[in-house]
Every structure is written in C-alpha cells, then in structure tokens.
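Not measured: the values here are computed from a predicted model. Keep in mind that the numbers below use all heavy atoms, side chains included, and drop hydrogens, waters and symmetry copies.
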Amino acid sequence: MLQKISYNLGIATLSRGVIGVLSLIVVGILTRSLGPAGFGQYSAIFAYLYIFTAVADLGLYTVMVREISRVPEHAEERKIASKIFTMRLIAIASMISLADLLVFAFPYPLKVKIGIFIASLFSVGASLVQVLVGVFQKYLRLYFISVSDILARLVQLVLLVVLAKLGAGFLWFVAVVVISEAVHFALIFGFSRRLVKIKTIVDWTYFRQTLKTAFPIAVSLVLVLIYFKLDTVLLSLMKPAEDVGIYSVAYKVLEAVIFLPAVYIGLVMPLLSRHGVTNRAEFIKTFRQAFNVISIFALPFAVYLFILSDGLVKLVGGGQFLASGPVLKILSLAIFLIFFGNLGGNAIIALNLQKKGMWIYLGGAIVNVTANLILIPRFSYFATAWTTVVTELLITVWMFAMIKKELGILPKFSIFGKATMATVVMVLLILPFSHSLWKASLVSLAYYPILFALGGFTKADIRAILSLKKSPGLPGEMES
C-alpha cells in the first residue's frame, strides 16, 4: 500500500507540475488582459462563490473516502458512493441558488454580479468533481484525475488565448472557466464509473444518518474553507479591486503549492482511516511516515517562495503586480504550516476526533474573521496575509497537541532536522543567484541530492517510487 501511495504521489506531483505551469500561464493571461482592478473583480467572484461551495461541502468528501475505504463489497460501496454523490448534488444546487439571490445584498458592480451568475455553473461542477475524487483515492487511480485536470486546463488556456487576442470583455473570461469545468466534470464522472457505477439515489433516511455523522466534519471543513477565502471577500468589500488583485496573485501561488500536501494526505487518508480505530500501532507508524514525507517538502518549498517571491509574482502577474511580492513572502510562512496542518486535520478525522477538532477550526475562524475586520481597513492585503499565517499557526499547533493527548506520542523529528540542514545549504547556494528566477530555481534542485547525502531518504525509497519494487517503504519507516 505504501509503495502504491508513493507511485501515485509521483504521478500526482508530475501532473501537478504540468498543471502548475498551465495555471501560471492562465493567471498571466488574466492579469495582463484584465489589469489589477479587473483581476481583483475576477478573483472576488470566485471567492464569493467559494464560501457557498464550502457550506455545501457538508464533510461529504471526507465521509466518502472514509466509508468506502471500510467497505470491501462492491455493491455496498456503489450504494454509499451514489448516495453521497446525490447528497452533494442537492447541497451544491441549493447553496449556489442562495448565493445568486444574496449577491444583490452586496455592493458589487453589475458586471461582478452577472459574473457570479455565470460562474455559478462552475461551482456546481467543481463541487461534484471534488466528492468524486474520493473514489480515485480509494483505488489509488490518480492518473485518471491527472488526465482530466490537464485536459480541462488546456481547454481553458486555449480559450483564454483566443479571448486575449480578440480583446474580449470581462464576462467572457468568466465564461471560459465554466466551459473548462464542464469538460472536467464530464471526464471525472466518466472515469469514476469505471471504478464505481455511481448514479443518483435519493434515500432520505441515509441522508439524515450521514449528516448526523458528518456534522462535526462538515462544521470543521466549512470553517476552514470559509476562512480560507473569506479574507478575499472581506478585502473586496472593504478595499478597492486593485488591492484584491494584488493579494490574489500571491494567493494563487499559495494555492498552486499547497495542492501537493493535499494530494499526498488524500492518498494516506484511507490507510489512516483503516488503522485509526482498529490498530493504533499501525496508525502511529503511518502517521510518523507521513510526517517525515511532508518534512522533506514543506521547508524548502516555503523558503524557495520567500526568497524568490518578487521574481515569481512578476512572472505570474507581470510588472503591474510587483506589490504582490511582499505579500507572497508573508504567505510562504502559511504554506509551511498548511503542509503539516493537512496531516493533523486528516489524522483527527481518522481517529474519530472530529467533534473535538470542530472547536479547533471554530477558534481559527473566529480569530481570522475578527483580525481581518479590525486590520483590513488600515493594512489592506498585508492584514489578510498575516492573519492567514497566525490562523494556520494556531490551528496546526492545536491539532498536534490534540493528537499528542490522544496517542501519547509526537512525530519523530530526525528527518525534519535533516531537511532543515539541507534547506540551509540550499539557501546558501540560491542567494548568489536570487536576482535570476531561472538560475535560482535550477540551483534549488540541489536540495534533493544534499538531503540524500544527509540520509533524508535512501536508494530503496527511490526504487519504491520508480519501480514499485519491494523496499523498506517511505522515508523514516526505519525509525518507526
């Protein structure tokens, strides 16, 4: 299982690299075509809809992964997946309809309100895709997701290039997202039916039971998803659209990077769920292995973004978005914390501690919203960036304290220490080339051979990832 996880993580990382490049090109076209104000309005549309999509989540994605991972029978698995898919369809349709009605209560320009109506269709498709991902994670078939993601992004990119050359209006750029998401959903749904024949099944009794079980997870996810985007909404309501655009460029880089830990923990989650309530020794072993893998990537990614933030935002947004550089430096601290927060949050769910975990996210949401309301009028996007860092720090520390209390253990930090040493050497190598994004990026790759020399991972680990041959497992397994 651990070898399959490594293999799928390799596929996901490679595909995410391709998608990341395509995404940066997409953002570059948008920023150069729309300008700071237009890109700010564009970002406000999707941040607004994201809030309602978060509420419609209902914890169903996590419940899907957990429940179908515990059921070996295909017939029962099909019923569970179909019913949860139907629940998500009802929930997202209801919440997006509410979003379209409530938009009239906000002081957005008319074209932003129309853009919200158009983009509503994107939110429906994206929400349904998200819950279906659980099927691929159980069977470790992430290449289906990778193919779908890349094709959908290519469709978006081609259409945006056409619009940019034609000098199309703002709303056409919004409509392109809807078209690409329609392609995305069609591919994901078709591929999912190769594994599980999902269809719509209305079972109100099952819906009520599932909602009761999922409620703590739903509240936690809604809280974390809301504060993840609410800062952009608050910024759009309290500051000019240009400020939203500057913040959003930096935030796009954050979103591109934090996909990696989300994918990895999504692959580990079925294993954590399987052992969480039946075999604590195996759970602890898997948890520590996952912590070691995250340690290898978290610090170098964060430090790389901190040092090269100015060059990255110039590459992504162009010369009009240089003010996004200092914002990305701040958000790089949040990225480091999010890597570990992903592991902590999923471990809490696997241990059936979601009711206690709900209070962690509630505390984080209160701190986040309160700080933003107080500080945005004075500090604008710097307030939203620092508030994100403080919130992630609070939540991550609190989650690991809860896991320590439940299991009586902490992760082992030897791999983290080696990753820190390798990162320090990487920084010393990068600094002379920090004026050149391409040279510095190339030099930063030295981190991996340096970490290998320090014993952060072994040849057996590499063989396990590349060829699936029998090996000791993931980095740090020998320490468990």
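Looking at R32, its side chain does come within 3.5 Å of a backbone N or O of G28 through a donor-acceptor pair. In this structure, the side chain of S434 does not engage the main chain of I430 through any donor-acceptor pair within 3.5 Å. The backbone N or O of P326 lies less than 3.5 Å from no partner atom in the side chain of S309, so there is not a single donor-acceptor pair. Using a distance-only test at 3.5 Å, with no hydrogens or angles considered, no donor-acceptor pair links the side chain of S127 to the main chain of S123. Side-chain atoms of S192 come within 3.5 Å of backbone atoms of F189 as a donor-acceptor pair (strictly under, hydrogens ignored). Formation of a donor-acceptor pair under 3.5 Å by the Y48 side chain with backbone atoms of A99 is found in this model. The backbone N or O of T384 sits nowhere less than 3.5 Å from a side-chain atom of T387 that would complete a donor-acceptor pair. Proximity of a side-chain donor or acceptor of Y447 to a complementary backbone N or O of I296 within less than 3.5 Å is detected.
Y304 and S332 form no side-chain donor-acceptor contact under 3.5 Å, judged by distance and modelled atom types alone. Between S236 and Y108, the side chains place a donor N or O and an acceptor N or O closer than 3.5 Å (distance only, hydrogens not considered).
A ring-centre distance under 6.0 Å is not found for F287 and F291.
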Evaluate the side-chain hydrogen bond (donor to acceptor under 3.5 Å, both in side chains) criterion for residues D231 and Y251: first the C-alpha distance (whole Å), next the side-chain angles of each, then the deciding distance (0.1 Å), finally the verdict.
-> CA-CA 11 Å; D231 53 0; Y251 212 82; 4.5 Å; no
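By the 30° and 60° cut-offs, the orientation of the rings of F297 relative to Y448 is tilted. The aromatic rings of F85 and F185 sit parallel to each other, their planes meeting at less than 30°, with 60° as the upper class boundary.
Remark: I51 CD1 to L230 CG distance equals 4.5 Å, nearest 0.5 Å. In this structure, the separation between CH2 on W438 and CG on L308 is 11.5 Å, given to the nearest 0.5 Å.
K111 forms a cation-pi arrangement with F170, by the criterion of a distance under 6.0 Å to the ring centre and an angle within 45° of the ring axis.
Counting heavy atoms of neighbouring residues, nucleotides and ligands inside a 6.0 Å radius, atom NZ of K314 does not exceed 12 of them.
Using a 4.5 Å cut-off on side-chain heavy atoms (C-beta onward), Q320 and T31 make no contact.
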